[in-house]
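These notes concern the structure reproduced below.
Every heavy atom of this structure was used, including side-chain atoms; hydrogens, water molecules and symmetry mates were not.
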Amino acid sequence: MKIWVDADACPVAIKEILFRAAARTKIHTTLVANHPMRIPPSRYVTFLQVTPGFDVADNEIVQRLSEGDLVITGDIPLASEAIEKGATALNPRGELYTMDNIKARLTMRDFMDTLRSSGVETGGPSALSQSDRLAFANQLDKLLLKASN
C-alpha cells in the first residue's frame, strides 16, 4: 500500500497526521500538488509537484495509484476514480468513501455546482474541527492496521 495525498487543499493538520503515520508505519506517502510545499525529511514522505491546471494533480494521482493504495482527498470525482481502480479513498474529515456512498456524493456535488452556477450562495465547508482531526486519525489508523495484516 502507498498513500497518495491530494495536497493542494489538504489541511496542514491532516498532513501532520499523515507524516507521523508514514514514519510510524513506514508506508510510502506522496503528496501531489501544483505549488511548492514543505515536507519533513523522511524516506517515507515524498512530494510531487505537477504543472498548474484544472485536475492536473488529480489526474497524476489516478495515473500512478494501484489497487490497494489509499488516496486522501476531499475531491469527490478523484475519490470516485480511485475507488474504480480498487483503491481506498478517505477525506480529511475522516469519512471513508465507498462504492455505496460515492454516487450519492457525486450527485450532491453536481447539484451544489448547479446551484452555485445559477447564483445561489451555498457557502463552503466549515473549518476543520478537533473532532474532524480525531475522526481522520482514527479512520487512518484502522486502514493502516488492516493493510498491515
I'd like to know if [Y] and [X] are part of one continuous hydrophobic network [Ile/Leu/Val/Met/Phe/Trp/Tyr, side-chain heavy atoms within less than 4.5 Å].
| X | Y | answer |
| --- | --- | --- |
| M37 | L18 | yes |
| V50 | V5 | no |
| M99 | Y97 | yes |
| I39 | I3 | yes |

Set of residues satisfying side-chain contact (heavy atoms from CB on, under 4.5 Å) with respect to [X], sequence neighbours excluded:
| X | result |
| --- | --- |
| P11 | I14, P92, L128 |
| S129 | S131, D132 |
| N59 | D55 |

Restricting to side-chain hydrogen bond (donor to acceptor under 3.5 Å, both in side chains), what partner residues turn up for [X], sequence neighbours left out?
| X | result |
| --- | --- |
| R20 | none |
| Q63 | none |
| T46 | T30 |
| T29 | none |

Minimum-distance pair of heavy atoms, taken over all atoms of [X] and [Y]:
| X | Y | value |
| --- | --- | --- |
| A21 | L144 | CB-CD1, 3.8 Å |
| D75 | P77 | OD1-CD, 3.2 Å |
| V45 | P40 | CG1-CD, 4.4 Å |
| G68 | M1 | O-CG, 3.6 Å |

Only distances under 3.5 Å count here; give the side-chain donor-acceptor pairs of residues 81-89 to other protein atoms, sequence neighbours excluded, each with its distance to 0.1 Å.
{"residue": "K85", "atom": "NZ", "partner": "V62", "partner atom": "O", "Å": "2.6"}
{"residue": "K85", "atom": "NZ", "partner": "L65", "partner atom": "O", "Å": "3.4"}

task: Write out all pairs satisfying salt bridge (Lys or Arg N to Asp or Glu O under 4.0 Å) with one or both partners inside residues 58-69, taking only residues at least two apart or from two chains.
output: E60-R64

- request: Not counting sequence neighbours, list each pair that qualifies as a ring pair (Phe, Tyr, Trp, His ring centres under 6.0 Å) and has a residue in residues 5-36.
  value: H28-Y44

Give the table of side-chain donor-acceptor pairs shorter than 3.5 Å for residues 134-143, with sequence neighbours excluded, one pair per line with atom names and distance.
{"residue": "N138", "atom": "ND2", "partner": "L134", "partner atom": "O", "Å": "3.3"}
{"residue": "D141", "atom": "OD1", "partner": "R24", "partner atom": "NH2", "Å": "2.8"}

message: Distance check, rounded to the nearest 0.5 Å: K26 atom NZ versus S148 atom OG?
response: 12.5 Å

- prompt: Once you round to the nearest 0.5 Å, how far does CG of L31 lie from CZ of R38?
  reply: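 Interatomic distance, L31 CG to R38 CZ, rounded to 0.5 Å: 14.5 Å.
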
message: Measuring only between side-chain heavy atoms, which start at C-beta, is I61 closer than 4.5 Å to V32?
response: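 With C-beta onward as the side chain, the pair touches.
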
query: How about K2 and S66: do any of their side-chain heavy atoms sit closer than 4.5 Å?
result: no

Do side-chain atoms of [X] reach the backbone of [Y] as a donor and acceptor pair under 3.5 angstrom?
| X | Y | answer |
| --- | --- | --- |
| D6 | V71 | no |
| N101 | L96 | yes |
| S80 | I76 | no |

